[in-house]
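Notes for the one structure printed next.
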There are 2 protein chains.
Amino acid sequence: MTTTKPDRDAESVEQDGAIGLGPLEGFIGFHLRLAQDVSFRTFARHAGKPRLRPGRFAALMLIGQNPGLTQMDLSRAIARDKSTVTPLVQGLQREGLVSRTVSTTDRRRVSLRLTEAGEAALDALLDHAAEHDRKLDAIVGDRKAEFLHLLKKITGELS
Amino acid sequence: MTTTKPDRDAESVEQDGAIGLGPLEGFIGFHLRLAQDVSFRTFARHAGKPRLRPGRFAALMLIGQNPGLTQMDLSRAIARDKSTVTPLVQGLQREGLVSRTVSTTDRRRVSLRLTEAGEAALDALLDHAAEHDRKLDAIVGDRKAEFLHLLKKITGELS
DNA sequence: TATTGTTATACTCTATAACTATA
DNA sequence: TATAGTTATAGAGTATAACAATA
């Protein structure tokens, strides 16, 4: 049926297939990493079809919620360098999802807005994200409010 | 003093510097991502000195806790392809932290073990991680047990 | 035939530094 | 001088596919 497990190598320690974690077992940071990793992969696997990976999702959402925001605003909001934002938004523009217009009041700045196609793409992504998050909701259950509060507290205080 | 904030562009929506998140505000997955991102960066920034980034940390820990484990065991434990593991462990070996010996009972397999230097490096990293996790403990407070339980539940059920 | 590990290759994400243009 | 954005470049981290050795 499953993987025809060969005889356990005597040199190998894990007899039952369970890998020991050691002190990491009680570390919040470590389990935060594992949970995020699996959550991210689950989301990406299903949202991968519409060619929109989680990184661009946040950008699209932020632009949609804050039309006219500049690349520096976005850079700060997603905690990425401006040189990371440039190819990101240019890619979104190339795909017709975002418009980039030079600000008339400060010609150094580029104002970002969603196009109609961008709105549609965002809606589709939101549907996907909502579906994915329903799974997380089901897992977390009635402790969601507190769980969310702690995650936000970590984000807010660890900077 | 602080950033001499220029006049807000009339084209820009966020008047108070707060960027709206929209529906993402209530998404567990999104906040999981933000919290992990900031936690990871904080850890990496401080642990960056000893040239041991968080990815190698998990590998070192797993090898330390499960001496003799094979590259496939490690691959499964960290949920990465075997082709990702090869350069990872070869790098650790090159730096003298890990020994790689061909199994005598199955000559396809490579058994991984920490060297003395590897043990020392792991100890140093553990100190760093413990220090970092104390910050997280302080933020999470007495709800740590439940928080950890939910993170593990997500990791366990989302696969 | 199936599994372990290696190699070649490529793609994504990210940052630093140097640059242009604007302010 | 300082800021917004671009470009060049480089380094992680990751995966797929083809492969050799072994089972």
Side-chain angles (χ1 to χ4, degrees), chain A residues 1-9 11-12 33 36-37 40-41 44-45 47-48 51-59 68-94 98 100-112, chain B residues 1-9 11-12 33 36-37 40-41 44-45 47-48 51-59 68-94 98 100-112:
Chain A
M1 274 305 84
T2 56
T3 48
T4 312
K5 214 131 191 189
D7 297 336
R8 265 296 166 207
D9 187 355
E11 292 162 315
S12 189
R33 184 165 147 83
Q36 206 284 319
D37 192 55
F40 181 96
R41 282 166 187 272
R45 194 184 330 138
R51 177 82 27 230
L52 284 168
R53 315 218 128 255
R56 328 185 82 190
F57 180 27
L69 110 167
T70 68
Q71 293 188 191
M72 280 307 295
D73 291 335
L74 184 56
S75 165
R76 278 184 286 265
I78 63 177
R80 297 292 179 271
D81 193 84
K82 55 195 163 88
S83 68
T84 300
V85 168
T86 295
L88 172 61
V89 294
Q90 287 180 346
L92 293 172
Q93 182 186 37
R94 195 178 334 110
V98 162
R100 301 171 63 233
T101 58
V102 172
S103 163
T104 50
T105 56
D106 183 342
R107 292 179 35 224
R108 290 172 302 183
R109 300 186 180 199
V110 175
S111 289
L112 306 171
Chain B
M1 289 289 105
T2 54
T3 47
T4 312
K5 213 127 190 191
D7 297 337
R8 263 297 165 207
D9 187 353
E11 291 162 313
S12 189
R33 185 166 146 83
Q36 206 284 320
D37 191 56
F40 182 95
R41 282 166 187 271
R45 192 181 334 135
R51 177 79 28 228
L52 284 167
R53 314 220 127 252
R56 329 186 80 191
F57 180 25
L69 111 167
T70 68
Q71 293 188 190
M72 280 307 295
D73 291 335
L74 184 56
S75 165
R76 278 183 286 266
I78 63 177
R80 297 292 179 271
D81 193 84
K82 55 195 163 85
S83 67
T84 300
V85 169
T86 296
L88 172 61
V89 295
Q90 286 181 346
L92 293 172
Q93 182 187 36
R94 195 177 335 109
V98 162
R100 301 172 63 234
T101 59
V102 172
S103 163
T104 50
T105 57
D106 183 342
R107 291 178 37 223
R108 291 173 302 185
R109 302 186 179 199
V110 174
S111 289
L112 305 170

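Labels below follow one simple rule: chain letters A, B, ... track the order of the sequence lines, proteins then strands, and each chain is numbered from 1. Reckoned from all heavy atoms, side chains included, excluding hydrogens, waters and symmetry mates.
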*Distance in Å, R76(A) CZ paired with Q71(A) CD, rounded so as to fall on 0.5 Å steps*: 12.0 Å
*OP1 or OP2 of dA15(C) under 4.0 Å from side-chain N/O of T84(A)*: yes
*Please report, rounded to the nearest Å, how far the P atom of dT14(D) is from the CZ atom of R56(B).*
12 Å
Close N/O contacts between protein and nucleotides 19-23 of chain C (under 3.5 Å):
unit_1: dT22(C); atom_1: OP2; unit_2: R107(A); atom_2: NH2; d: 3.0
unit_1: dA23(C); atom_1: OP1; unit_2: R107(A); atom_2: N; d: 2.9

_Looking at every non-hydrogen atom in both residues, tell me the closest pair between S111(A) and G68(A) and how far apart they are._
OG-O, 3.5 Å
_Set of side chain to side chain donor-acceptor pair (under 3.5 Å) partners for T84(B), sequence neighbours left out_ = none
*Give the rounded distance in Å between these two atoms: CD of Q71(B) and P of dT22(D).*
15 Å
Distances under 3.5 Å between protein N/O atoms and the N/O atoms of nucleotides 8-10 of chain D, please, pair by pair.
none

_Does a side-chain N or O of R100(B) approach OP1 or OP2 of dT6(C) to a distance below 4.0 Å, or not?_
yes
*Below 4.5 Å, heavy atoms only, C-beta onward: do M72(A) and K82(A) meet side chain to side chain?*
yes
*asked:* Using whole Å, what does the distance between atom C1' of nucleotide dG5(D) and atom CG of L88(A) come to?
replied: 14 Å
_Nearest-Å distance for atom pair CG/C1', residues D81(B) and dT4(C)_ = 12 Å
*Specify the separation, in whole Å, of atom CZ of F40(A) and atom P of dT14(D).*
11 Å
*Where is the tightest heavy-atom contact between S103(A) and D106(A), given as atom of each residue plus distance?*
OG-N, 3.2 Å
*Shortest non-hydrogen contact from T70(B) to R109(B)?*
CG2-CD, 3.9 Å
*Give a yes/no answer on whether the side chain of T86(A) brings an N or O atom under 4.0 Å of OP1 or OP2 in dT6(D).*
yes
_Interatomic distance where CG belongs to L74(A) and C1' belongs to dG5(D) [whole Å]_ = 13 Å
*Q90(A) CD to dA4(D) P: how many Å, rounded?*
17 Å
*Expressed in angstrom and rounded to an integer, what is the separation of D37(A) atom CG from dA15(D) atom C1'?*
14 Å
*asked:* Test of understanding: with side chain to side chain donor-acceptor pair (under 3.5 Å), list the residues that count as partners of Q93(A), not counting sequence neighbours.
replied: R100(A)
*asked:* With nearest nucleotide decided by heavy atoms, which residue, V110(A) or G55(B), maps closer to the 5′ end of DNA chain D?
replied: V110(A)
*Of the non-hydrogen atoms in L92(A) and A59(A), which two are nearest, and what is the gap between them?*
CD1-CB, 4.3 Å
*Closest nucleotide among dT4(C), dT7(C), dA15(C) to the R41(B) side chain*: dA15(C)
_I want to confirm an ordering. Mapping V85(B) and P87(A) to their closest nucleotides on DNA chain C, which one lands closer to the 5' end?_
V85(B)
*Considering residues at least two apart in sequence or located in another chain, which fulfil the side chain to side chain donor-acceptor pair (under 3.5 Å) criterion with R80(B)?*
D37(A)
*asked:* At 10 degrees resolution, what angle do the end axes of the helix from dT1(C)-dA23(D) to dA23(C)-dT1(D) form when each is taken over five base pairs?
replied: 0°
*With a 4.5 Å heavy-atom cut-off, do I78(A) and L88(A) have their side chains touching?*
yes
